[in-house]
Structure formats: C-alpha cells, structure tokens
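Contents: one structure, followed by commentary.
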Amino acid sequence: KDTTRIGKSNPRLWAEIFVANKEYLTAGCLRFERQLSYLRKMVEDNQRRKLTAYLEKLVRFRESLDENN
C-alpha cells in the first residue's frame, strides 16, 4: 500500500519530479528491468537453487536496510 501512494497524488507534480530526476529514474528503471528479466529467466528455466540463492541475497539486503536505521 505504501508503494502506491504516488497513485493518489497529483499527476502533474509527479511528472515534474520524474522529468527533473530523469537521469536517476532512467538508470533505476534499467537496473530494475535487468533484475526482473534475470528473475523471470530463473523462474522460466526452473532454476530452483539459483532462485533460492537470489532470494536469500534479497533477504539479506532488506535486513541490512533495517540495520542502517
């Protein structure tokens, strides 16, 4: 629910924010697309071990966010 808060906000405001930050936003989108493609490939190819290792890495990353606050 928290990640959808932009959907309730002013579209013109967010369009301006996106355009003002286009370099960072496009770089982030490219990284996200690569990671999503990597995830999709592991699922399509039934790579359970690789997928499990990837998800474990994500858990450690998410936990590190809590530790830094």
Side-chain angles (χ1 to χ4, degrees):
K1 191 173 181 178
D2 184 54
T3 59
T4 64
R5 70 183 180 279
I6 292 173
K8 289 178 67 176
S9 301
N10 184 318
R12 288 185 182 153
L13 172 67
W14 279 103
E16 289 299 320
I17 291 170
F18 287 177
V19 170
N21 293 283
K22 67 181 172 185
E23 291 178 26
Y24 296 107
L25 185 59
T26 55
C29 286
L30 288 172
R31 282 192 306 276
F32 181 73
E33 289 169 356
R34 282 193 299 268
Q35 290 298 311
L36 193 56
S37 177
Y38 181 63
L39 177 62
R40 187 191 73 237
K41 181 83 171 124
M42 285 186 286
V43 171
E44 288 175 348
D45 294 345
N46 298 313
Q47 298 178 346
R48 285 179 178 82
R49 284 191 198 137
K50 199 171 185 180
L51 183 56
T52 299
Y54 180 76
L55 294 170
E56 288 170 348
K57 181 179 174 182
L58 293 177
V59 167
R60 288 190 301 275
F61 173 74
R62 179 56 182 87
E63 289 172 345
S64 76
L65 295 177
D66 290 337
E67 294 168 3
N68 292 327
N69 287 327

Without placing hydrogens or testing angles, list every side-chain donor-acceptor pair under 3.5 Å for residues 6-15, not counting sequence neighbours.
from, atom 1, to, atom 2, distance (Å)
Ser9, OG, Arg5, O, 3.1
Asn10, OD1, Arg12, N, 2.8
Asn10, OD1, Leu13, N, 3.2

Check residues 36-43 and write down every donor-acceptor pair under 3.5 Å in which the side-chain atom is one partner and the other belongs to a residue at least two apart or another chain.
from, atom 1, to, atom 2, distance (Å)
Arg40, NE, Glu44, OE2, 3.3
Lys41, NZ, Asp45, OD2, 2.8

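For Arg49, there are no side chain to side chain donor-acceptor pair (under 3.5 Å) partners at least two apart in sequence or on another chain. Judged as a side-chain contact (heavy atoms from CB on, under 4.5 Å), and not counting sequence neighbours, the contacts of Arg60 are Glu56, Lys57.
For residues 23-36, the pairs satisfying side chain to side chain donor-acceptor pair (under 3.5 Å) are Gln35-Tyr54, with sequence neighbours left out.
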